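Since the model is a prediction, treat every value here as computed from it, not as a measurement. All values below were derived from every heavy atom in this structure, side-chain atoms included, with hydrogens, water molecules and symmetry-related copies excluded.
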Amino acid sequence: MPRITLPDGSVRSYPEPVSVFDIAHDIGPGLARAALAAEAGGILVDTSHILSDDTRLRIITERDAEGLEIIRHSCAHLLAQAVKQLFPAAQVTIGPVIEDGFYYDFAFERPFTPEDLERIEARMHELARQDLRISRSVMPRAEALGFFRAAGEEYKAQIIESIPAGESLSLYSQGDFTDLCRGPHVPSTGRIKAFKLTKVAGAYWRGDSKNEMLQRIYGTAWADKKALKEYLHRLEEAEKRDHRRIGRRLDLFHFQPEAPGMVFWHDHGWRVYREIENYVRGQLRRRGYQEVRTPQIIDRSLWEKSGHISKFGDVMFMTRSEERDFAIKPMNCPAHIQIFNQGLKSYRDLPFRMSEFGSCHRNEHSGALHGLLRVRGFTQDDAHIFCTEDQIQAEVAGLIDLVYEVYRDFGFTEVQVRLATRPVKRVGADELWDRAEAALRQALDGNKLDWTLNPGDGAFYGPKIDFSLKDSIGRVWQLGTIQLDFSMPGRLDASYVAADSSRRTPVMIHRAILGSLERFIGVLIEHHAGALPLWLAPVQVVALSLTEKQAGRADAVAETLKNQGVRAESDLRNETISLKIREHTMQRVPYLLVIGAREAEHSTVAVRTRDGVDLGAMSLDGLLERLSREIACRGRGILEG
RNA sequence: GCCGGGGUAGCUCAGUCGGUAGAGCAACGCAUUCGUAAUGCGUGGGUCGGGGGUUCGAUUCCCUUCCCCGGCACCA
């Protein structure tokens, strides 16, 4: 006689075991129609699930986050069913839910074509129309193994073999299709109402590049057609923010085949770059760093000693001259240790903070390159802090503070923080790794950061805290990093004289805030859709003459502003004011000054923002004051009109 | 690097079932002197990514190579 407790606290008793569906129906026919699954005693179950004991029950509908996930998961099964019907030789593997959708990996003799995708999607719609009942059954592991082997599903058999012996497995069937799955699933295929297949791609079996490549089909699924439409619209909008597109449109930079993965910065892009560099210099000055500059090309022997060649060598560019092998530096740390090693250092010199806008080159795989976000030649806002173990907590706390201050100045508030621990390929004793990882954990918790663990993703010389931001279409890019290194200073003979006159090896903290200037600017462009905050805008103000008669005045206005340090230009072309406004607005110039006969006469300018707001006429002094206030705010907030 | 899709004018793209290409915008010229997101008219512009092959003839078909795009793997 189960007593069912609902989320509102009400209790319903039943004389005999009941299904989730029955309870939903008992509560109301509307809920029965909407029910997709349920959470019973903390476990997600199907609506067909029978409850025979007292249980806390929550019915899940498409309004719940879990509901949407279940729809997506069931949609992956629908995809697999359609593929099996159209291409019986294809083998199913896995089909998980991902952000905004799902994918399913198939083993098939040939890649699926875009035309195949259309056929598959049409079949999915057909199967959804048939509203096939989705039923769950349980099978002992051995029997399930036999079932999938008999069906020729070798990959499924492999998956089952990796599940501990003796466990029972659940299978889900819809029409002619049965898949191994933990569930839960929607009650019938008709509940999958809004979906679209988006792309095909190759993907390695079990994510290992040594394994065979499977055919992955991606799709998106939503509770209703409206949500699907909104999602597709969102994708289109995100595409418009693509930094590669904006970079070309705003004449910021370009790439060309002769230098793959390396940026040609144009005048306007380089203005942004320099502005950011200067900003970082200001931070370094305030926080007690020295700035250095080290060679691009350094003899191979140093990289062997540092451990880079063996752990990192396959992405290093090498060059040869007069019988000597050189590496084009992929990192700055060994070079910074060389500077540290000049002259005897005392414990009084620590913490010793050394920074460099370090130009690095890494021979990334061609397939990994991606605009400014993944390049082969880049500049890190790099620094290394040499300190004692006792100083680690204070230094890392200072860095965390710095990271957040800088990100806020650039207008970023959503930052993902991850702790990456020891990788397989590494240098240094496990005992050192234990201490380093513990120190970073302590710093994260001590500074009350919300962080996640990223096991095995540390640098080869030490664990790290990574800071990431999302790009316009949800891809996450790592920017800043704080890395603790107990190994490299020793390998490269760094030492200091301690208070007791003994020689000690310093600990080294590697850190970058923006990461690479290139990547950072890429993310920045996408974040602002090209409309960079005033302090970063390549051109901040353009003075527009209405007719030839105001040319002199417009020029003088631009000149005055330039003398005040504003990046100002004039547009004296014999064109309509509408055209000039249109063009400069599309170039995302923050302020446009219209100068006609009225303004010339009263020594004012009519100010218009790139958002189309008309601020009316004001004096140059008034404008300058507004500009300097806004620049001082950086990316933290936008002034009121 | 792997799988797939691409590369045609400065940009965005169409096209050629093999007979050396077209639009819009941009550029240039002329007219227009204008009040807040496109004034009008006219003109020029392409070794159809590179190399090789098949062919009377290749931008089109085949091979190869480079680069780009989407994933995968990688990402200190």
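- For A:Gln215, taking side-chain heavy atoms from C-beta onward, the closest of the listed nucleotides B:C3, B:C68, B:G71 is B:C3.
- When ring centroids are compared, A:Phe253 and A:His266 stay outside the 6.0 Å threshold.
- Contact annotation for A:Arg362: base contact, defined as any heavy-atom pair under 4.0 Å involving a base atom.
- Residue A:Leu117 contributes atom CG, which lies 19 Å from atom P of B:C3 at whole-angstrom precision.
- Closest-nucleotide positions on RNA chain B for A:His308 and A:Gly261 were compared, and the one nearer the 5' end corresponds to A:Gly261.
- In this model, no donor atom of one side chain and acceptor atom of the other lie less than 3.5 Å apart for A:Arg206 and A:Tyr204.
- The same atom, P, is picked in B:G40 and in B:C25; the two are 9 Å apart, to the nearest Å.
- A:Ser306 and A:His308 form a side-chain donor-acceptor contact under 3.5 Å, judged by distance and modelled atom types alone.
- Within the nucleic acid shown, A:Gly207 comes within 4.0 Å of sugar-phosphate atoms alone, with no base atom in reach, counting heavy atoms only.
- Here A:Lys549 lies in heavy-atom contact (under 4.0 Å) with sugar-phosphate atoms only.
- In this structure, A:Lys425 is not positioned above the aromatic face of A:Phe460 in the sense of NZ or CZ being under 6.0 Å from the six-membered ring centre and within 45° of the axis.
- The same atom, C1', is picked in B:U8 and in B:G49; the two are 10 Å apart, to the nearest Å.
- Contact of A:Arg374 with B:C74 (side chain to base): a donor-acceptor pair of N or O atoms is detected under 3.5 Å.
- Note on A:Thr547: a base of the nucleic acid sits closer than 4.0 angstrom, heavy atoms only.
- Residue A:Lys580 is out of contact with every strand shown, counting any heavy-atom pair closer than 4.0 Å.
- In this structure, A:Arg248 atom CZ and B:C68 atom C1' are separated by 10 Å, rounded to whole Å.
- Comparing the same atom, C1', in B:U47 and in B:U43 gives a spacing of 23 Å after rounding to whole Å.
- Atom C1' of B:G53 sits at a distance of 28 Å from the matching atom of B:G1, rounded to the whole Å.
- Spacing between atom CD of A:Gln550 and atom P of B:U33 amounts to 14 Å, rounded to whole angstrom units.
- Among the heavy atoms of the strands lying under 4.0 Å from A:Ile581 is at least one base atom, whether or not backbone atoms are also near.
- Counting non-hydrogen atoms under 4.0 angstrom, A:Ser366 reaches a base of the nucleic acid.
- Closest approach to the A:Glu599 side chain among B:G35, B:C74, B:C3 is made by B:G35 (side chain taken as heavy atoms from C-beta onward).
- Put simply, NZ on A:Lys199 is 14 Å from P on B:C69, counting in whole angstrom units.
- At a cut-off of 3.5 Å, with distance as the only test, a side-chain donor of A:Ser570 or A:Asp555 sits close to an acceptor on the other residue.
- Atom C1' of B:G52 sits at a distance of 30 Å from the matching atom of B:C13, rounded to the whole Å.
- Using a 4.0 Å heavy-atom criterion, one finds that A:Arg608 contacts the bases of the nucleic acid, with or without backbone contacts as well.
- B:C63 and B:G44: their P atoms are spaced 40 Å apart (whole Å).
- Nearest nucleotide to the side chain of A:Pro111, out of B:C72, B:G4, B:U36: B:G4.
- Rounded to whole Å, the P atom of B:U65 lies 40 Å from the corresponding atom of B:G24.
- Checking B:A37, B:U36, B:G71 against the side-chain heavy atoms of A:Arg582 singles out B:A37 as nearest.
- Annotated stems with RNA chain B as a participant read B:1-7 with B:66-72, B:10-13 with B:22-25, B:27-31 with B:39-43, B:49-53 with B:61-65, given as range with range, by first number; only runs of 3 or more Watson-Crick or G-U pairs under 3.5 Å qualify.
- Looking at which nucleotide of RNA chain B each of A:Val315 and A:Val200 is closest to, the 5′-most match is held by A:Val200.
- Atom name C1', nucleotides B:A38 and B:A26: the rounded distance is 12 Å, in whole Å.
- No contact: A:Phe255 has no heavy atom under 4.0 Å from any strand.
- Relative to the side chain of A:His370, the nucleotides B:G70, B:C67, B:C3 differ in distance, and B:G70 lies closest.
- A salt bridge links A:Glu356 to A:Lys329: at least one charged side-chain nitrogen sits closer than 4.0 Å to a carboxylate oxygen.
- You'll find a donor-acceptor pair under 3.5 Å spanning the side chain of A:Tyr204 and the base of B:G1, going by distance alone.
- Because its NZ or CZ atom is not both nearer than 6.0 Å to the ring centre of A:Phe102 and within 45° of the ring axis, A:Arg72 does not count as a cation-pi partner of that residue.
- A:Phe112 comes within 4.0 angstrom of nothing in the nucleic acid, heavy atoms only.
- Nearest to the side-chain atoms of A:Ala201 among the listed nucleotides B:A73, B:U36, B:G70 stands B:G70.
- Residue A:Arg249 is out of contact with every strand shown, counting any heavy-atom pair closer than 4.0 Å.
- You'll find that the side chain of A:Pro257 is closest to B:C67, out of B:U36, B:C67, B:C72.
- Checked against the 6.0 Å centroid criterion, the rings of A:Phe112 and A:Phe87 qualify as a close aromatic pair.
- We find that NZ of A:Lys240 is positioned 14 Å from C1' of B:U12, with the value rounded to whole Å.
- Closest contact between the side chain of A:Ala597 and the listed nucleotides B:A38, B:G35, B:A73 involves B:G35.
- When the nucleotides B:U39, B:C11, B:A73 are ranked by their closest atom to the side chain of A:Thr576, B:U39 comes out on top.
- The CD-C1' distance, from A:Glu258 to B:U65, rounds to 14 Å in whole Å.
- A:Ser545 and A:Glu548 share no donor-acceptor pair across their side chains, judged by distance under 3.5 Å alone.
- Defined by atom type and a distance below 3.5 Å, a donor-acceptor pair is missing between the side-chain atoms of A:Lys464 and A:Thr421.
- As rounded to whole Å, 15 Å separates atom C1' of B:A37 from atom CZ of A:Arg610.
- Note on A:Leu546: a base of the nucleic acid sits closer than 4.0 angstrom, heavy atoms only.
- The A:Ser209 side chain lies nearest to B:A73 when the options are B:C3, B:A37, B:A73.
- A:Glu575 comes within contact range of at least one nucleobase, with a heavy-atom separation under 4.0 Å.
- Each of A:Val97, A:Ile98, A:Leu79, A:Ile217 was compared with A:Tyr103 under the side chain to side chain contact (heavy atoms under 4.5 Å, CB included) criterion, and only A:Ile98 meets it.
- For the pair A:Asp242 CG and B:C68 P, the computed distance is 14 Å after rounding to whole Å.
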